[in-house]
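Quick caveat, the model's predicted, so the values are computed rather than measured. Below, chain A is the first sequence line, B the second, and so on; all start at residue 1.
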2 protein chains.
Amino acid sequence: MSNLDQVRVASRSTEVTRAALIKAATAVFAEYGYDGGSVRLITQKAMANQAAVNYHFGGKDGLYREVLLAATQAFEENAFLDAEELDALSPEGALRRYLHQFLLPLVKRDRVCRYLRIFAWESVKPSETFSAFIAQSPPRIFRLAERVVRRFLPQESSSETVTFAMLWLAQQPMFFVREAERLAKPPFSLKFDDDALERLVDTLAGLSLRGLAAF
Amino acid sequence: MSNLDQVRVASRSTEVTRAALIKAATAVFAEYGYDGGSVRLITQKAMANQAAVNYHFGGKDGLYREVLLAATQAFEENAFLDAEELDALSPEGALRRYLHQFLLPLVKRDRVCRYLRIFAWESVKPSETFSAFIAQSPPRIFRLAERVVRRFLPQESSSETVTFAMLWLAQQPMFFVREAERLAKPPFSLKFDDDALERLVDTLAGLSLRGLAAF
DNA sequence: TTGAAATTCAAACGGGCGTTTGAAGCGAAA
DNA sequence: TTTCGCTTCAAACGCCCGTTTGAATTTCAA
């Protein structure tokens, strides 16, 4: 793995182990955060040896970096939400599309939801690994949110106002995805099926568009 | 401490040690969360012996419970934000007052800010101790937020709509307080002085009241 | 001043953590 | 079939964790 003049392709079993470790690590880090997620639990879930993490990724940190890479790529890929797609819609349509897309993990308990949970952990106490990752460019959710709010705000808005509004919009869907488990229990008891998701998109879009005063 | 027939009042030094431990624990738990905050660091900050935590509070868990008690009491006390005070204001005034009060920790780096950070940790992965604390009643920030949004929403709104709107409002100031440190750095570089706080209140109140479309 | 209770203290315990180690297993090229 | 490098494996290492222990010290009523 370390020799520059290595010719042999990685064997199948290498890729299998690596993939299993990354998948297990994604689940564990999403559940317990970086500090709280242990290598022992990850390797146990991946049915791999403890030392495999150090062998394949150089350590817990390297494995986490791999998970973050997959996470950022999942958000970067155009299939998720395209910037041009937002521009083609009406401002209202772009807003609804944005909210809908970032609320999807509520009903699709998929990979993306795990990534969002990892980001939630990082929002409380960023790890150095994570900080290095987002240092290059703001997370996609912020860039897309800025694109949406700029459709509404006048050209001459101060950059501070734009930032306030962008953050205000971006955190709205993140909150519901992050807190989904808690909101499912009393005293809130919110169950998110497809219909509830649509109603949530409606409510948030209405509030974001016209505010409380519209009611 | 454990005998039922104990008559003697707690000595001064007991209260001093207890208070120092609670203060140090508040800072440490706010910084690192419950799991991440170590008894060794707490006792070191409080200039107390490691065993003091177990002697005075029965263990790390008991000390944390004491911190949470102080935190919830700080939010419950009327001086912070009174429900009747909200009702006496106009809907718009109540909204502004609510936002201002819960954004205050941005400029007053005080005890309340530490409590909010502890709640932020708990929002990602609630500890059993914390869950037991809020099981009895929803946190005050939610109850007050519901009071505010009910001023705007029509009587016949579904409880789900009220809950959506309440959560939507409640999380707005929490986000900025929780992320204050991150937002102070690039790429956001938001510095929160008294003036910036007022502008943030203005922006959020405007967005919450009339939405993006008003711009 | 005395003596018992309350409090502090240094040291140790058991356990989980990430990582290292060196031998064993494995597969493909020779 | 032999050989050699890649991969796996069980075991151990050193570290930090929360807690326990029992003796030393302090406190304060009698």
> Run the salt bridge (charged side-chain N to carboxylate O under 4.0 Å, His left out) test on B:E31 and B:R117 for me, step by step, so that the C-alpha distance in whole Å, both residues' side-chain angles and the decisive distance to 0.1 Å come before the verdict.
CA-CA 8 Å; B:E31 179 78 15; B:R117 270 196 69 84; 5.2 Å; no
> Can you check whether B:S38 has a side-chain N or O nearer than 4.0 Å to OP1 or OP2 of D:dC16?
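No, no such contact exists.
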> Please determine whether a side-chain nitrogen or oxygen atom of B:H56 lies at a distance below 4.0 Å from atom OP1 or OP2 of C:dA6.
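The answer is no; no side-chain N or O of B:H56 sits under 4.0 Å from OP1 or OP2.
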> If I take atom NZ in residue B:K60 and atom P in nucleotide D:dT19, what distance separates them, rounded to the nearest angstrom?
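Distance check: B:K60 NZ to D:dT19 P gives 8 Å.
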> Has the side chain of A:R40 got a donor or acceptor that lies under 3.5 Å from a partner of the other kind on the base of C:dG16?
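No, no donor-acceptor pair under 3.5 Å.
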> Please confirm whether A:Y64 and A:F130 have ring centers closer than 6.0 angstrom.
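A:Y64 vs A:F130: aromatic centres not under 6.0 Å.
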> Without decimals, in angstroms, what is the distance between B:Y64 OH and D:dT19 P?
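Distance, rounded to whole Å: 15 Å.
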> Taking side chain as C-beta onward, heavy atoms only, is B:W121 less than 4.5 Å from B:D35?
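Not in contact.
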> Quick one: B:L21 CG to C:dC9 P, roughly how many Å, whole number?
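Roughly 11 Å, once rounded to whole Å.
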> Using whole Å, report how far OH of A:Y55 lies from P of D:dG5.
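Taking atom P of D:dG5 as the reference, OH of A:Y55 is at 12 Å.
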> From CD of B:E15 over to P of D:dC28, roughly how many Å is that when rounded to an integer?
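Those two atoms, CD and P, are 13 Å apart.
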> Can A:K60 be said to sit on top of A:Y34's aromatic six-ring, NZ or CZ under 6.0 Å from centre and within 45° of the ring axis?
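Cation-pi check for A:K60 and A:Y34: passes.
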> Atom CD1 of B:I42 to atom P of D:dT19: distance rounded to whole Å?
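From B:I42 CD1 to D:dT19 P: 10 Å.
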> If I take atom CG in residue A:D61 and atom P in nucleotide C:dC17, what distance separates them, rounded to the nearest angstrom?
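So the two atoms are 18 Å apart, to the nearest Å.
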> Salt bridge or not for A:R199 and A:D195, using N-O below 4.0 Å?
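No.
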> If you check every side-chain atom of A:V39, which of C:dA6, C:dT19, D:dG18 has the closest atom?
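Selected nucleotide: C:dT19.
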> May I ask you to say what B:G37 touches in the nucleic acid, namely base, sugar-phosphate or nothing, with a heavy-atom cut-off under 4.0 Å?
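If one applies the 4.0 Å heavy-atom cut-off, B:G37 turns out to touch the sugar-phosphate alone, with no base involved.
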> For A:L41 and C:dC17, give me the distance from atom CG to atom P, rounded to whole Å.
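That distance rounds to 8 Å.
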> Would you say the side chains of A:R40 and A:Q44 form a donor-acceptor pair under 3.5 Å?
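No, no side-chain donor-acceptor contact under 3.5 Å.
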> Indicate yes or no: at least one non-hydrogen side-chain atom of B:W168 is less than 4.5 angstrom from one of A:L212.
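Yes - at least one pair of side-chain heavy atoms lies under 4.5 Å apart.
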> Counting only non-hydrogen atoms, which of residues 44-54 of chain B are less than 4.0 Å from DNA chain C?
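Within residues 44-54 of chain B, the residues near DNA chain C are B:N49, B:A51.
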